[in-house]
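Along the sequence shown, the residues carry numbers beginning at 1. Below, each value reflects all heavy atoms present in this structure, side chains not excepted, and no hydrogens, waters or symmetry copies.
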Amino acid sequence: MSDSENKEQLSFEDDKGASRSAWIAAALVVAIVGWMGSGYILPSGDEDAGQAEAAPAKPVAVAVEKSTPQQVTISFQAEGQAQPDRDTSIRAEASGDVVDVLVMEGEEVEGGAVIARLSATGAQADLARAREEFARADREFKNATELLNRGVATADRVSQARATLAAAEASVTAAQEAIEALVITAPFTGRVEELSLDAGEFIQAGAEVGRIVDNRPLTVALQVPQQALGQIKSGQTATVNFITGEEREGTVSFVSTAANAETRTFLTKITVPNEDGAIPAGISAEIRIPTGSTSAHFVQPSTISLSPEGRLGVKTVDENDMVVFTPIRIVRAEIDGLYVSGLSDAVRIITVGQGFVNEGEEVAPSLRTKADDGEENSTPQDGQPALPIPDSDAASDEGQRE
């Protein structure tokens, strides 16, 4: 038999499990298509959606605080520098060798007190010679006058003798002043800040040998801008806070009438008592000069916001619980808040949630008192939860996970 005749005919039978899987897949496709089209065929949720759209949104919960105005003193504030009342150099009026130094740097001295003495040997010799010349000129003048009375001498001789006598007298005076100049004294009462004198040292006339300062009282100098010049007058009381922590009351003693050509500011001086000398000269100071008073509200900086036009203002709630934006002007700044003007007599200021509402919106205000300021979370009215406070630790952990 040939190979073709030996081959058997192959036949295949259908697998019943394979046909069952096809029917299941087809049923699933039909079910999915039917579910997707159910929204068009069975509009059962239209009524609920319409009711949800018709229901009005609940007002945003905010915290408010009642505020009433109070009289606030308006002050001009500026930075200044403390200067001594008098500050001058000590100079030698004559040349000579230093024979004695009687004070040291840092000592308090009275006006006219002797600081040092120079050698007076040469000056005393000049004084003795001048006195002898004066005695001789005096005798010559007397003799010429007597002879003129007798008719022997002439008037010219008497005039010459009188001139010689006057010159001799001037020489005596100059010699006495030269001896006095050998004593270096304090020009006024103060503190010797510098002294460069040593015994045996030779100094020239006019040389600077030290410095004396009088800071009783102090003079605080500041620059006043031209816009505020009309508010500052001589005689006004000023409060001066020095950088050392000292606070003193002073008086405006000088206001310049000519502006600085470069800064367009006016030099102003305030005299501050410093009898104990505790406040040194040269330190910085903050000056506050009261210039008037006005009615203002005290608010926290966090309650201040900007309008779309860029104006500073505060968001308040009116009697209808509607948000109102009122422009303000800062009157005075304090460490714990600001005094502002522009608000009405009694207002409800939004203290929490002002960033989530706009002017004209209705809100659900919750009155907050100063006793509530220490509470981290407060619950507004109508049982609505307070505004969430982000957890900084959780936020940082989430950022690390990202």
When rounded to the nearest 0.5 angstrom, what distance separates CD1 in Ile328 from NE2 in His297?
-> 10.5 Å
4.5 Å side-chain heavy-atom contact, Val172 and Arg131 = yes
Any side-chain heavy-atom pair of Thr189 and Val109 under 4.5 Å = no
With a cut-off of 6.0 Å (strictly less than), are more than 12 heavy atoms of other residues, nucleotides or ligands near CD of Glu110?
-> no
Between Leu165 and Ala137 the two heavy atoms that sit nearest each other are CA-CB, 3.5 Å
Between Pro225 and Gln223 the two heavy atoms that sit nearest each other are CD-O, 3.8 Å
Under a 4.0 Å N-O cut-off, is there an ion pair linking Asp276 with Arg248?
-> yes
Roughly how far apart are Asn143 CG and Thr145 OG1, rounded to 0.5 Å?
-> 8.5 Å
Which of Ile232, Val240, Ile74 passes side-chain contact (heavy atoms from CB on, under 4.5 Å) with Ile289? It is Ile232
Are any side-chain N or O atoms of Ser75 and backbone N or O atoms of Gln77, one a donor and one an acceptor, separated by less than 3.5 Å?
-> no
For Gln227, the side-chain hydrogen bond (donor to acceptor under 3.5 Å, both in side chains) test, sequence neighbours excluded, returns none
Might you work through the salt bridge (Lys or Arg N to Asp or Glu O under 4.0 Å) test for Arg348 and Asp321, ending with a clear yes or no?
-> CA-CA 10 Å; Arg348 292 186 295 171; Asp321 292 342; 3.1 Å; yes
Distance from Lys233 atom NZ to Thr268 atom OG1, nearest 0.5 Å?
-> 11.0 Å
Basic-acidic side-chain contact under 4.0 Å: Glu193, Arg191 = yes
Asp85 and Lys269 ion-paired at < 4.0 Å = no
List the steps, then state whether side chain to side chain donor-acceptor pair (under 3.5 Å) holds for Glu309 with Ser307.
-> CA-CA 5 Å; Glu309 296 78 17; Ser307 68; 3.2 Å; yes
side-chain contact (heavy atoms from CB on, under 4.5 Å) between Gln71 and Ser295, intermediate numbers included = CA-CA 5 Å; Gln71 284 299 119; Ser295 178; 3.7 Å; yes
State whether the number of non-hydrogen atoms from other residues, nucleotides or ligands found under 6.0 Å of Glu286 atom CD is greater than 12.
-> yes
Are the side chains of Leu306 and Arg311 in touch, meaning some heavy atoms are under 4.5 Å apart?
-> no
In short, Ala94 meets Leu182 closest at the heavy-atom pair CB-CD2, 3.9 Å
Phe76 side, atom CZ; Leu222 side, atom CG - distance, nearest 0.5 Å | 6.0 Å
Can we say Glu146 and Arg150 salt-bridge, meaning some charged N sits less than 4.0 Å from an Asp/Glu carboxylate O?
-> yes
Do you know the tightest heavy-atom contact between Val192 and Met104?
-> CB-O, 4.0 Å
Do the side chain of Asp318 and the main chain of Met322 share a donor and acceptor less than 3.5 angstrom apart?
-> yes
Could you tell me which residues satisfy side-chain hydrogen bond (donor to acceptor under 3.5 Å, both in side chains) with Asp126, sequence neighbours excluded, listed by chain and number?
-> Arg129
Answer yes or no: is there a side-chain heavy-atom contact under 4.5 Å between Leu229 and Val255?
-> yes
Hey, is CD on Gln160 packed in by over 12 heavy atoms from elsewhere, all under 6.0 Å?
-> no
Please identify each residue that fulfils salt bridge (charged side-chain N to carboxylate O under 4.0 Å, His left out) with Glu319, with sequence neighbours left out.
-> none
Not counting sequence neighbours, list each pair that qualifies as a ring pair (Phe, Tyr, Trp, His ring centres under 6.0 Å) and has a residue in residues 318-345.
-> Phe298-Tyr339
Do Val317 and Val363 come within less than 4.5 Å of each other through their side chains, counting heavy atoms only?
-> yes
Could you tell me whether the side chain of Asp198 reaches within less than 4.5 Å of the side chain of Val101, counting heavy atoms only?
-> no
Does Glu105 use its side chain to pair, donor to acceptor, with the backbone of Leu195 at less than 3.5 Å?
-> yes
Sorted by first residue and then second, give each side chain to side chain donor-acceptor pair (under 3.5 Å) pair with at least one member in residues 202-220; sequence neighbours left out.
-> Arg86-Asp214, Asp87-Arg211, Ser89-Glu208, Ser95-Gln204
Can you check side-chain contact (heavy atoms from CB on, under 4.5 Å) on Phe188 and Ile212, steps first, answer last?
-> CA-CA 8 Å; Phe188 51 79; Ile212 186 170; 3.7 Å; yes
Shortest non-hydrogen contact from Glu65 toward Leu367 = CA-CD1, 4.5 Å
Looking just at side-chain N and O atoms, do Glu249 and Thr239 make a donor-acceptor pair shorter than 3.5 Å?
-> yes
Take Leu148 and Thr154 through the side-chain contact (heavy atoms from CB on, under 4.5 Å) test and state the conclusion after the steps.
-> CA-CA 6 Å; Leu148 178 62; Thr154 62; 5.8 Å; no
How about Val357 and Ile350: do any of their side-chain heavy atoms sit closer than 4.5 Å?
-> yes
Backbone N or O of Gly337 within a donor-acceptor pair of the Gln300 side chain at under 3.5 Å?
-> no
If you round to the nearest 0.5 Å, how far is CD1 of Ile203 from CG of Leu197?
-> 5.5 Å
Shortest non-hydrogen contact from Pro217 toward Thr271 = CG-CG2, 3.8 Å
Does Asp138 have any side-chain hydrogen bond (donor to acceptor under 3.5 Å, both in side chains) partners at least two apart in sequence or in another chain, and if so, which?
-> Lys142
If we only count heavy atoms from C-beta on, is the Leu312 to Ile330 side-chain gap below 4.5 Å?
-> yes
Rounded to the nearest 0.5 Å, how far does CG of Leu343 lie from CD1 of Ile349?
-> 5.5 Å
Apply side-chain contact (heavy atoms from CB on, under 4.5 Å) to Thr68 and Asp345, showing your working.
-> CA-CA 6 Å; Thr68 55; Asp345 290 342; over 6 Å; no
